[in-house]
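Please read the structure below before turning to the comments.
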Amino acid sequence: MPMDVGRVQKEIRDIERDRASGVTIEVQGNSLQKMIGCLKGPSDTPFEGGTFYVNIELDDQYPFVPPKMRFITKVWHPNISSANGAICLDILKDQWSPALTLKTALLSLQALLSSPQPDDPQDAVVARQYLGSLPEYRQTAKQWTDTYAHTQQVVGLEAKVQQIVEMGFEREQAVVALRAAAGDENQAMEILLGA
Amino acid sequence: MPSTMLTPEEWRCPLCLDLLFKPAVSSACGHVYCFWCLHKAMSPYTPSACPVCRTKYNQLPAICAKLHHYLATQFPEQYAARRQETEAEERDLRSTTPEPSPAPCPLPSGPDAWTPQHFACDSPACGKLLCHPLVLTCGHVIDAACMPRVGDVDGADGHASHTSECPACGLVSQQPAAACKQLGELVTQLFPEHSRQRLLECEHDLAAKIPGRQLVPGPQAHAQAGQQLPVSNQASEGLVGGSVYPATPRASAAGSAADGSGATTGDEGTAGDAAGRRQQQQQQQALSPSLTLAFRRRQEAGGASQLMADRLEANLQRLSGDSYVHHAVGCDGCGAYPIQGRRYKCQDCPEAMGFDLCGACMDRGLGNVVGRFNQRHLPEHRMHLCRPRVTAMHLLQAANPELPMEQLMWLLELTLTGGDEEAGQEHEATQPAQQQQQQSPASGSSSGAALNHSDSSTDTAVTTLRRGPRPVYHATAQEPSPSAHAAAAGGPGTAGGAAAGAAAAAGSDSVQELGGEAQGLIDDEEEEVHVALADLVRDS
């Protein structure tokens with residue numbers, strides 16, 4: 001069964017209309033199967049002020065199976081892998097319901113940032129630190145936010161993407177790398193070559 | 001007053017986010033979906049959860065004619081557009097849905113010209129304006145006050161609980177219905193005065209029917225909501241008879257494995273002769289003794305995969321008789337999906353979709369119903385009793401009764417995709433070996449742990465088992481069956497992979513062991529058993 005394109009389009013329109021929600025989404029390519037979501041770090045947390053990008057992939061059976069989500073921006077959080085951004089969140093796994101949407105999922109990620117669940121960790125090192133020494137955890141998380149998530153809007157992204165695509169990279173990879181590198185072409189190239 | 005219920009925004013399907021088309025109401029909680037959307041959202045293996053509130057339900061409801069006529073008249077253009085869209089999809093699926101029965105009174109010529117007759121209770125004895133509309137599995141809308149009473153416990157909506165026999169058509173729902181709030185609000189908005197009057201009347205009726213019932217339910221009443229209904233009087237026992245699903249999903253943590261308490265309570269019997277016939281059929285249906293014997297012998301022999309054998313044996317009863325679940329097959333009479341217990345399949349229906357009835361509907365003689373998918377079934381068609389066929393999914397379920405369905409599907413997928421390196425990395429900093437024999441309560445929070453455990457042992461499983469093309473285990477593999485087109489049913493995984501998953505999750509050491517097990521079983525098993533194990537054996 002092909003993906004329910006109509007529903008995904010409606011979801012995207014809904015996110016675009018609702019600016020107040022604080023989450024945005026950008027489609028990669030034409031198929032509506034790959035997107036990059038963006039959410040703001042919740043206030044009163046070590047993630048405050050950060051902008052976090054999330055890679056989203058939709059299966060053909062979406063919305064009857066959960067979307068695949070993974071942080072592009074590096075995050076220090078017990079339920080998010082510090083190495084690859086994989087997320088441990090029940091609604092993205094067995095607690096998914098087709099009545100949930102990309103918007104509610106992104107908002108849930110925002111909520112996850114404010115309330116870590118160290119008992120069901122994704123990253124055991126972070127979880128141990130969270131349980132053992134909370135101030136230290138907060139400091140590290142803040143440091144990571146400052147280093148990786150304090151990006152200004154990527155200026156002139158399209159031109160930079162073109163540049164990288166001309167060098168023979170996939171468009172989607174280029175965008176992801178540029179975002180992760182906060183718009184720095186050189187750093188983006190390093191990411192692409194290192195990957 | 002802002003006429004919110006009169007705008008299409010209030011009538012969006014929570015699944016396709018479009019205007020509802022051929023609305024069907026999940027009767028246990030009252031949430032409304034498009035018929036097709038709700039069908040796609042159902043689980044082919046276990047009772048399903050309402051996508052909005054997660055209330056468990058196990059019957060695919062029929063289209064609600066009242067809501068259908070309301071939407072078609074109130075939003076004619078949008079509804080016509082939705083019809084066009086849906087019919088195009090139906091052509092692709094090569095399946096259709098029945099047109100709801102025409103409205104009992106002429107529909108208004110245009111929007112906003114509704115009269116109370118259009119929203120009257122479907123009970124032949126009532127016919128008054130709806131006040132607490134219960135949309136039953138058959139699609140009829142009955143007022144709460146018109147449903148026969150079961151007990152004195154108040155239901156989730158604060159009103160008395162009811163038996164679930166429809167006064168209009170006699171169809172028995174397996175769960176008590178809850179009021180459909182959307183329909184209730186619509187009626188209140190259309191006829192504010194009339195509804196207020198009816199509300200008082202209904203409260204009065206209910207108070208008279210239930211001695212000691214307070215008009216305003218107290219907090220205690222709400223606390224009791226959702227509990228099992230005590231069946232209080234003789235008459236209602238007869239009504240509730242018929243196959244009843246366990247209150248908790250079979251695969252959930254609550255449905256404890258060994259004691260089988262989560263298993264079905266079985267049929268109480270609706271008529272004497274039917275009971276006799278059923279007993280005979282149950283014997284026919286029971287798992288062949290040689291398979292049982294094989295399990296037992298394997299157990300005595302001991303070995304690395306004894307744990308798996310033990311657990312399978314403890315749950316053998318789930319693979320036969322009234323506990324057997326016909327995956328991805330739905331009853332065209334009462335909508336039960338999947339069918340549990342006896343299943344009858346029509347041998348003469350030409351549609352690819354097929355026509356099936358559950359034991360209870362067969363006994364009630366529902367030979368001339370219009371199928372959920374518009375099959376042209378006729379009463380003279382021959383129905384035949386299907387034997388239970390134990391598939392890899394059944395074994396996986398029986399060996400891991402504590403795991404929820406979603407995790408079993410994950411296991412299948414995991415084995416199919418070669419251990420999914422993402423899943424492997426995800427738990428990079430592995431948790432201590434506490435999960436070695438973990439039979440963790442499969443709550444949402446433990447999902448990571450359970451998966452982690454399986455990761456470690458599936459690697460070998462996958463390499464041994466992924467050697468050749470194998471029939472993909474999915475719904476249609478059993479038989480060309482009705483409702484098997486369900487996209488949701490496309491459970492990925494190979495037969496071998498499934499068995500590997502079973503082995504991994506049961507804590508078995510290696511797949512070769514399991515292969516040996518399977519070999520032993522098949523040697524002992526003379527009858528046609530099931531595709532999955534046979535396939536596994538070929539490779540081991």
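Not measured: the values here are computed from a predicted model. Lettering of chains follows the sequences in order, A, B, ..., and the numbering in each one begins at 1.
Qualifying side-chain hydrogen bond (donor to acceptor under 3.5 Å, both in side chains) partners for B:Glu90, counting only residues two or more places apart in sequence or in other chains: B:Trp36, B:Thr97.
A:Arg7 contributes a side-chain N or O that, together with a main-chain N or O of B:Leu15, makes up a donor-acceptor pair within less than 3.5 Å. Proximity of a side-chain donor or acceptor of B:Arg54 to a complementary backbone N or O of A:Gln95 within less than 3.5 Å is detected.
Scanning both residues, A:Pro98 and B:Ala41, for their nearest heavy atoms gives CG-CB, 4.1 Å. Across all non-hydrogen atoms, the minimal contact from A:Ser97 to B:Val52 is OG-N, 4.5 Å. Residues B:Leu17 and A:Lys10 approach most closely at O-CD, 3.3 Å, considering heavy atoms.
Annotation for B:Glu87: atom CD counts as buried by contact number, over 12 foreign heavy atoms lying within 6.0 Å. Crowding of B:Gln84 atom CD: a count of heavy atoms from other residues, nucleotides or ligands under 6.0 Å not exceeding 12. Enclosure of atom CZ in B:Arg12 by more than 12 non-hydrogen atoms of other residues, nucleotides or ligands within 6.0 angstrom is indicated.
Using a 4.5 Å cut-off between heavy atoms, B:Cys37 contacts chain A through its backbone alone, with no side-chain atom that close.
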